[in-house]
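Residue numbers run from 1 in the order of the sequence given. The structure presented is a predicted model; accordingly, all values stated were derived computationally and were not measured.
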Amino acid sequence: MSEPEIVRHSDAGALADSVALKLVNMIVQAEADKRDFHLVLTGGGIGIRTLEAVRDHALEAGIGWSHVHLWWGDERFLPDKDPERNETQACAALIDAVPVPAHNVHPMPASDGLDGDHVEHAATRYGRELAVAARARGPVPVFDVCLLGVGPDAHVASLFPGLPGVREDEASVAAVHDSPKPPPRRITLTLPSIRTAREVWVLASGEGKAEAVRLGLAGGSVDEAPVAGARGAERTVFWVDEAAASKL
């Protein structure tokens, strides 16, 4: 796994804009190289603000999206179109405004979907979808970039301190039944899946994230601070604003 780098910006706006520009440039380069680009999306305030900035820069540049595949790091197990779902927010921020093919968008299942109200079945099905996209080269496709937010408690995706999902090392996707942050039921990529990404980018904005950023960079126990286990195969970047960097 790669050692983390730190990229600091003055505030949340500058942070989101910088991340978005880097992403758009990488998407353009992948198109020039005639290869697919697999991106894992995150929710949260800074995550959605970043997707809005990606939308604006992509529309300005007129880039193509036919080679881009969109995945999610975690999802609230709620009905389709629920405003609290990361998918719903990402569609409003980015997906509905750009010409990404529908079959390239891979949302995590909803609670009123094919699996009914069974979060375990939904997690298993998403794991199968990832395996199909990997084309027998592993349990998940090689993600070019995995975007992750981080909570004040140092959780990433829906991997929370002390919960079993943090220690899951076999399944690519896990069901969460007792999230301390509502709603209690969620679906999440596991740390082994996150670590397959070429690059893992942790986005943090605000003083409330400062301690989590410190713990993530310290690389301590993932059971106590799951963000400490968020590392990319080739590169790990903590994108932070000055408030989130205040304890470094």
Side-chain angles (χ1 to χ4, degrees), residues 16 38-52 54-55 69-96 100 102 105-130 140 143 145-168 171-194 197 200-206 208-209 212 225-227 229-230:
H38 290 268
L39 172 62
V40 179
L41 303 181
T42 185
I46 191 61
I48 297 303
R49 189 164 181 175
T50 297
L51 297 188
E52 291 171 344
V54 169
R55 174 198 65 207
H69 287 262
L70 301 177
W71 303 89
W72 272 263
D74 74 317
E75 186 57 276
R76 298 166 175 88
F77 196 55
L78 296 168
D80 187 39
K81 309 299 184 188
D82 189 287
E84 293 300 311
R85 277 178 60 85
N86 289 334
E87 177 201 2
T88 305
Q89 296 174 26
C91 284
L94 171 65
I95 298 169
D96 289 347
V100 58
V105 180
H106 308 274
M108 287 182 165
S111 62
D112 57 351
L114 296 175
D115 308 288
D117 200 34
H118 301 285
V119 66
E120 293 281 359
H121 295 174
T124 298
R125 185 157 65 86
Y126 201 64
R128 289 173 181 158
E129 185 173 354
L130 285 160
V140 301
F143 304 125
V145 176
C146 177
L147 298 175
L148 294 171
V150 59
D153 62 353
H155 83 266
V156 289
S158 282
L159 300 169
F160 292 91
L163 294 190
V166 176
R167 298 182 293 277
E168 177 59 57
S172 61
V173 182
V176 178
H177 294 275
D178 48 1
S179 163
K181 183 179 178 181
R185 294 189 305 162
R186 296 160 174 251
I187 303 169
T188 185
L189 294 185
T190 59
L191 282 176
S193 294
I194 290 169
V200 168
W201 297 359
V202 178
L203 315 181
S205 173
K209 307 296 180 68
V227 66

Open item on the list: Between His38 and Phe143, is the ring centroid distance below 6.0 Å?
Closed with: no
Could you tell me whether a side-chain N or O of [X] sits under 3.5 Å from a main-chain N or O of [Y], the two making a donor and an acceptor?
X      : Y      : answer
Tyr126 : Trp72  : yes
Thr124 : Glu120 : yes
Glu168 : Ala174 : no
Thr42  : Leu148 : no
Arg186 : Lys181 : yes
Asp112 : Asp80  : yes

Could you tell me whether the side chain of [Y] reaches within less than 4.5 Å of the side chain of [X], counting heavy atoms only?
X      : Y      : value
Leu203 : Thr50  : yes
Asp153 : Phe160 : yes
Leu163 : Asp178 : yes
Glu129 : Trp71  : yes
Pro107 : Glu75  : no
Pro183 : Leu78  : yes
Leu147 : Val200 : no
Ser172 : Leu189 : no

Please tabulate, one pair per line, all N/O donor-acceptor pairs under 3.5 Å involving side-chain atoms of residues 87-94, not counting sequence neighbours.
{"unit_1": "Glu87", "atom_1": "OE1", "unit_2": "Arg85", "atom_2": "NH2", "d": "3.0"}
{"unit_1": "Thr88", "atom_1": "OG1", "unit_2": "Asp82", "atom_2": "O", "d": "2.8"}
{"unit_1": "Gln89", "atom_1": "NE2", "unit_2": "Pro83", "atom_2": "O", "d": "3.1"}

Open item on the list: We want to know whether Asp74 and Ser158 form a side-chain donor-acceptor pair, criterion being a heavy-atom distance below 3.5 angstrom.
Closed with: yes
TODO: Return yes when atom CZ of Arg128 has more than 12 non-hydrogen atoms of other residues, nucleotides or ligands closer than 6.0 Å, and no otherwise.
DONE: no
Task: Charged N-O contact under 4.0 Å between Asp117 and Arg185 - done: yes
Task: With Leu70, the side chain to side chain contact (heavy atoms under 4.5 Å, CB included) member among Ile95, Val40, Leu51 - done: Ile95
